[in-house]
Amino acid sequence: MTAETLVQREKPMAQLDDLKQAAMRHVWPNFASRVDLARNDPKFIVSGKGALVWDENGKEYIDAFSAIQTTQIGHGRAEIAEAVLEQMKKLEFYPTVIDYFTLPLVRLAEKMAGIVPGGLERFCFANDGSEAVELALKIAKRYQQVSGHARRYKVISRRWAYHGATMGALSVNGVSAIRAGMEPMVPGVRHVSPAYCYHCELGLSYPACRVACVEEIDRIIAWEGPDTVAAVIVEPVMGAAVGFAAPPREYLPRLRRICDEHGVLLVFDEVSVGFGRTGKWFACQHYDTYPDLMTFAKGVTSGYLPLGGVAVRPEIAGRFIGEHADADFVHGHSFAGHTTSCAAALANIAVMEREGLVDRARKYGAELPNKLRGLTHHPVVGEVRGIGMAFGIEIVKDRETRETLSAELEFTRRVRLRAWELGLICRAEKDIVVLCPPLVMTDEEGERVVKILDQAIGEVAAATL
Ligand code: PLP
């Protein structure tokens, strides 16, 4: 089916004014923006193919938001729809609880054991990223408890980390705007400096800093008392909140050693950077460093259906499951590891393998930043960085000092809105324009992304500065 027929098929949907009114009256979107909703102009996405999506009027956009960083294989893949339909016709859903299993879930776990690095070969499933983080933290705490460390309940996390929105995940979240008004949090979390070199909280520069931020984790564990700390949770490459900031290469290996020295479990949250996003199956593979527990979601199904989970080192899982299990882990959600979602995940991974999309992300991800760096002819563009198909464009008032623009200017939000008008969907953090296109985005679409951003940044700069 061509893009044109896709769009035409959607047109009769009509009565759009009624739908827009209903949207404004009855829907409470997640992360609702009062400022943007005040425009009374809800944006509808009605169809998609590859890296492109179309609105209700048939207008085309490049989806460099990847439907909130999920759509690795691109939109509108018939093979996923077929796999889902086939599974639905056979058995839509049966929970994997107690001693009931479903075939797609077992096949998926077996498949993932061959993809996930570091010997993490036992999988406990969830519905999304936040649930996966909750689950990982619960496993870490419980494992410490049954290993004779009942006092180890604290978790070390980092400011600016994004780990989800449910209360446990929110408690380790480091984005203050999403935490605001939700306190008290789950007790026992300590936040430290992120590995965000462009705006280093410690005021240092790499490599002269000797990666002081990771040493802070060592110090806080020592100060809190190692016998009180269950786990450290980090995104191996920090996500959209800081525009995909990769840590210095020594950071994760050193963190692994720190955790081992203190008997603390290491959790990598790969929800947004897993499944090829960074040009390897998992971001931790860039650093040859592997965790005790690893969360995943989003890209596991390319967003076709919700799914998440935790990959667990066998020695840890073995305390709770398997022939030598000697402790209980009582946890579950009705839909965790939904049968049809697992079928979608298997089909998604098959597409990624068949089309070599992880390689595509690595190769094209190395080319596109060179083009995006052309945007630095705008004085407000402080840095363009990228790893795989994940890019951050830092907006600054002063490139030398890295001072940021006044929040009141809403510069990145304006860029997002202007880019939308010009046919590009991107993400706007306070001082960063974030791009994470589907791994299948073509070279031509990539050129268009650069052109649109060039125009949008130029126009917003001219209008606001
Ligand atoms: N962890 C990370 C690193 C994420 O980026 C996200 C979402 O963006 C989450 C957890 C939460 O996932 P979800 O939105 O599926 O609950």
Side-chain angles (χ1 to χ4, degrees), residues 29-32 64-72 124-140 155-175 177-179 182 185-186 189 191 194-196 231-247 252 266-278 282-284 286 291 293-311 333 335-338 341 344-345 348 387-392 426-429 432 434-436:
N30 281 214
F31 294 116
F65 183 42
S66 271
I68 199 154
Q69 292 144 238
T70 59
T71 320
Q72 320 298 67
C124 193
F125 288 94
N127 287 296
D128 61 20
S130 300
E131 270 188 17
V133 168
E134 300 280 344
L135 177 56
L137 298 179
K138 286 175 79 173
I139 294 172
V155 179
I156 312 296
S157 175
R158 301 182 297 181
R159 287 182 285 279
W160 288 109
Y162 188 85
H163 293 298
T166 50
M167 281 315 293
L170 189 61
S171 303
V172 291
N173 211 311
V175 181
I178 184 181
R179 296 165 58 89
M182 296 298 171
M185 299 275 152
V186 174
V189 180
H191 285 85
Y196 177 22
V232 172
I233 182 166
V234 298
E235 300 153 278
V237 167
M238 293 191 82
V242 295
F244 295 102
L252 292 179
L266 179 56
V267 182
F268 282 171
D269 183 352
E270 292 256 8
V271 164
S272 101
V273 291
F275 284 91
R277 173 60 54 198
T278 67
F282 294 94
C284 61
H286 289 282
L293 302 132
M294 189 183 92
T295 59
F296 58 88
K298 296 192 187 255
V300 64
T301 60
S302 274
Y304 280 78
L305 284 173
L307 186 67
V310 185
H333 297 261
F335 293 128
H338 192 286
S341 298
N348 172 57
I387 177 164
M389 291 291 256
F391 311 96
C426 59
R427 179 167 177 153
E429 293 302 320
I432 311 169
V434 182
L435 305 171
C436 43

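When a ligand or atom number is given, it counts from 1 through the structure's own listing order. When a residue number appears, it is its place in the shown sequence, counting from 1.
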Q. Counting from 1, what ligand 1 atoms have a heavy atom of Tyr162 closer than 4.0 Å?
A. 1 (N), 2 (C), 3 (C), 4 (C), 5 (O), 6 (C), 7 (C), 8 (O), 9 (C), 11 (C)
(Q) Among all the protein's non-hydrogen atoms, which is closest to atom 16 (O) of ligand 1, and how far away is it? (A) Ser130 OG, 2.6 Å
Q) Between Asp269 and ligand 1, does any nitrogen or oxygen pair lie at a separation below 3.5 Å? A) yes
Q. Does the N or O separation between Gly129 and ligand 1 drop below 3.5 Å for any pair?
A. yes
**Q.** Closest non-hydrogen atom pair between Met238 and Arg159, with its separation
**A.** CE-O, 3.7 Å
Q. Between Ala297 and ligand 1, which residue portion shows a heavy-atom distance shorter than 4.0 Å: side chain, backbone, both, or neither?
A. neither
(Q) Is a donor from one side chain sitting under 3.5 angstrom from an acceptor on the other, for Thr295 and Asp269? (A) yes
Q. So, for Val237 and Ala283, which heavy atoms are closest and what is the spacing to 0.1 Å?
A. CG2-CB, 4.1 Å
Q. Yes or no on side chain to side chain contact (heavy atoms under 4.5 Å, CB included) for Phe125 and Phe335, after CA distance, side-chain angles and deciding distance?
A. CA-CA 9 Å; Phe125 288 94; Phe335 293 128; over 6 Å; no
Q. Would Lys298 count as a contact of ligand 1 if the rule is a heavy atom under 4.0 Å away?
A. yes
Q. Out of curiosity, Ile68 CD1 to Arg427 CZ, how far, rounded to the nearest 0.5 Å?
A. 5.5 Å
(Q) Check this for me - ligand 1, Glu131, N or O atoms closer than 3.5 angstrom, yes or no? (A) no
**Q.** Heavy-atom closest pair, residues Ala165 and Leu170
**A.** O-CB, 4.0 Å
Q. To the nearest 0.1 Å, how far is atom 5 (O) of ligand 1 from its closest protein heavy atom, and which atom is that?
A. Ser272 CB, 3.2 Å
